[in-house]
Amino acid sequence: HSWTLLLDMYELTGTDDAKEPNESNCSVPENKGILTTGASVCGVSIIVCLIPIILVFSLKLHRQFTYRVALYQVVAALLFVLALLLDTIFALKMGSNSHLFQSPCKFAAFLIQFFLWLKFLFVSLIVVHLFMFAIVYKNIRRFEIIYVCSSVVISLVIASVPFMTNTYGLAGSWCWITNWKNDCPTQVLVDGVIEQFSTMYGPGFLLLSIDSVVAIIIVLVLAARLCRRESSNMAGYQHNEALKQMVPLLAYPILFFFLFLPAFANRIYGATPHQPNTSLMFLAVFCIASWGWVAGMTLMVHIGILLWSRRRKFKRRGKYGATEEVDIYATMGAQSSSNPTSRTHFILPEES
């Protein structure tokens, strides 16, 4: 009888430890605070993304390849923050009725993975475009449709992998690839951690790192050319004028690399079996949700530079009596019209 009493006392004292695997990674107020923060930033990002998209089409900038490349970024960011907003809503509902919202949670996780990979690949498109134009003097516009379609297919294949392994679900505060057993941070699922880093964080960090390094190399090469005052002829002039409008694109890979780092650090921290860092989780969700408004603001600055450049050229034409419009987004090596004497200066063709 005394042994039975001792066992009963042991079970009573061990109740908290027995419940630990079923407890969430944070307290309920912290979870709601993290998700509310993400949803609020997503709302701001959606508004900021819509403004430059409307400007691009109203100014007919989508006809130019360079602005379409930037537009792909903003559209991918807009779709990503919309998916993230759905994710936060379903993650909040999972706490009250996990069985009812399990399928919507998995669908939102799939959308996040899909649009996130589109974002990665469109960042790489910017870097490839600038590298080929600024360093190799080649135009990759003819490969645009092939690259966009390939990016969609690659993103779709990668986002489908967790469906095949059945690992989409509640991952901490939001829906993604599950890496904790019973949502307990002290019980790490190795398979989930491996899948997180192999399908997103590892390749994403590698791609953004390479993109940022290449972007810095492009800046250094252009700065060196400027110091040596290369390309003083007309072909070099039109190339440099086009680059002035393209250089703002270099901000995308560098900005998104730094916005990616907090989420990357948070996942590394979460891969170890201990309680999560709530401050790091707040920072991670804030930076990820900020991808939208940062992309939108960058494109608005890009458009502002274009409008300022056009106004400056208009004043210059008025000063020197020129009457023709100059489109600096020109095809390399294009020729002027058959009657060059009727013009005051060389006119660049439409596209770059």
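Judged purely by atom type and a 3.5 angstrom limit, K119 has no side-chain atom pairing as donor or acceptor with the backbone of F80. Of the possible polar contacts, one joining the Q73 side chain to the F122 backbone as a donor-acceptor pair under 3.5 Å is found. Of the possible donor and acceptor atoms, none in the side chain of D211 sits under 3.5 Å from a partner among the backbone N and O of P253. Not one N or O on the side chain of Y269 forms a donor-acceptor pair closer than 3.5 Å with the backbone of F264. Remark: side-chain polar atoms of S45 are paired, donor with acceptor, to backbone N or O of A289 under 3.5 angstrom.
Residues L249 and I126 come closest through the heavy atom pair O-CG2, 3.5 Å. Taking each heavy atom of P52 and L299 in turn, the nearest pair found is CB-CD2, 3.7 Å. Minimum interatomic distance between A108 and L86 (heavy atoms only, all atoms of both residues): CB-C, 4.3 Å. Here the shortest heavy-atom pairing between A295 and V74 reads O-CG2, 3.7 Å. In terms of heavy atoms, T178 sits closest to L189 at CG2-CD1, 4.0 Å. Across all their heavy atoms, V48 and M300 have their closest contact at CG1-CE, 3.8 Å.
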Worked verdict on M164 versus V161 for side-chain contact (heavy atoms from CB on, under 4.5 Å) | CA-CA 5 Å; M164 293 183 287; V161 171; 4.1 Å; yes
Check step by step if side-chain contact (heavy atoms from CB on, under 4.5 Å) holds for L259 and I288.
-> CA-CA 7 Å; L259 289 175; I288 290 178; over 6 Å; no
Test ring-ring contact (aromatic ring centres under 6.0 Å, His included) on F260 and Y201 and set out the steps.
-> CA-CA 9 Å; F260 180 77; Y201 281 103; 5.7 Å; yes
Full working for side-chain contact (heavy atoms from CB on, under 4.5 Å) between K106 and F90 | CA-CA 9 Å; K106 291 182 178 181; F90 293 147; over 6 Å; no
Do E144 and Y72 pass the side chain to side chain donor-acceptor pair (under 3.5 Å) test, and can you show the C-alpha distance, the side-chain angles, and the key distance before you say yes or no?
-> CA-CA 11 Å; E144 177 184 0; Y72 294 148; 2.4 Å; yes
L121/S155 under side-chain contact (heavy atoms from CB on, under 4.5 Å): CA gap, chis, key distance, verdict = CA-CA 9 Å; L121 295 175; S155 302; 3.8 Å; yes
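Two residues are said to be in side-chain contact when any heavy atoms from C-beta on lie closer than 4.5 Å; Y252 and L125 fail this criterion. Side-chain atoms of L116 and W291, non-hydrogen and from C-beta on, do get closer than 4.5 Å to each other. Between F131 and I218 there is a side-chain heavy-atom pair separated by less than 4.5 Å. With contacts defined as side-chain heavy-atom distances shorter than 4.5 Å, the pair L118/F115 qualifies. Contact of the I140 side chain with the F65 side chain is registered, since non-hydrogen atoms from C-beta on lie closer than 4.5 Å. With a 4.5 Å cut-off on side-chain heavy atoms, F110 and P162 do not count as touching. Residues L61 and L59 have side chains in contact (heavy-atom distance under 4.5 Å, counting atoms from C-beta outward). Between W117 and P203, some side-chain heavy-atom pair lies under the 4.5 Å cut-off.
Summarising the local packing, CG of L220 is surrounded by more than 12 heavy atoms from other residues, nucleotides or ligands at distances under 6.0 Å.
The distance from the CD1 atom of I89 to the SG atom of C105 is 12.5 Å, given to the nearest 0.5 Å. From I54, atom CD1 reaches atom SG of C49 across 11.5 Å, with rounding to the nearest 0.5 Å. Atoms OG1 and CG, on T37 and L283 in that order, are 11.0 Å from each other to the nearest 0.5 Å. Between S58 atom OG and I53 atom CD1 the span is 11.5 Å, to the nearest 0.5 Å. The structure places CG of N266 at 12.0 Å from CZ of F282, a figure rounded to the nearest 0.5 Å. Here CG of L261 is found 9.5 Å from CD1 of I268. Values are rounded to the nearest 0.5 Å.
By the criterion of side-chain heavy atoms lying less than 4.5 angstrom apart, applied directly or through intervening Ile, Leu, Val, Met, Phe, Trp or Tyr residues, V214 is grouped together with L130 in one hydrophobic cluster. Cluster annotation: I47 is not connected to L50 through the hydrophobic network of ILVMFWY side chains, with a link wherever side-chain heavy atoms come within less than 4.5 Å. Both V44 and I51 are assigned to one and the same hydrophobic cluster, defined by single-linkage of ILVMFWY side chains at heavy-atom distances under 4.5 Å. Both V136 and F143 belong to a common hydrophobic cluster when Ile, Leu, Val, Met, Phe, Trp and Tyr are linked at side-chain heavy-atom distances under 4.5 angstrom. Side-chain heavy atoms closer than 4.5 Å link hydrophobic residues (I, L, V, M, F, W, Y) into clusters, and following such links, even through other members, never connects L79 to V157.
Side chains of Q113 and W176: a donor-acceptor N/O pair is present below 3.5 angstrom, by distance only.
Between H129 and F133, the two ring planes are tilted [angle within 30° to 60°].
Exactly one residue among H302, K60, H62 makes a side-chain contact (heavy atoms from CB on, under 4.5 Å) with Y67. That residue is H302. Among F163, F107, F114, the single residue meeting the ring pair (Phe, Tyr, Trp, His ring centres under 6.0 Å) criterion with Y168 is F163.
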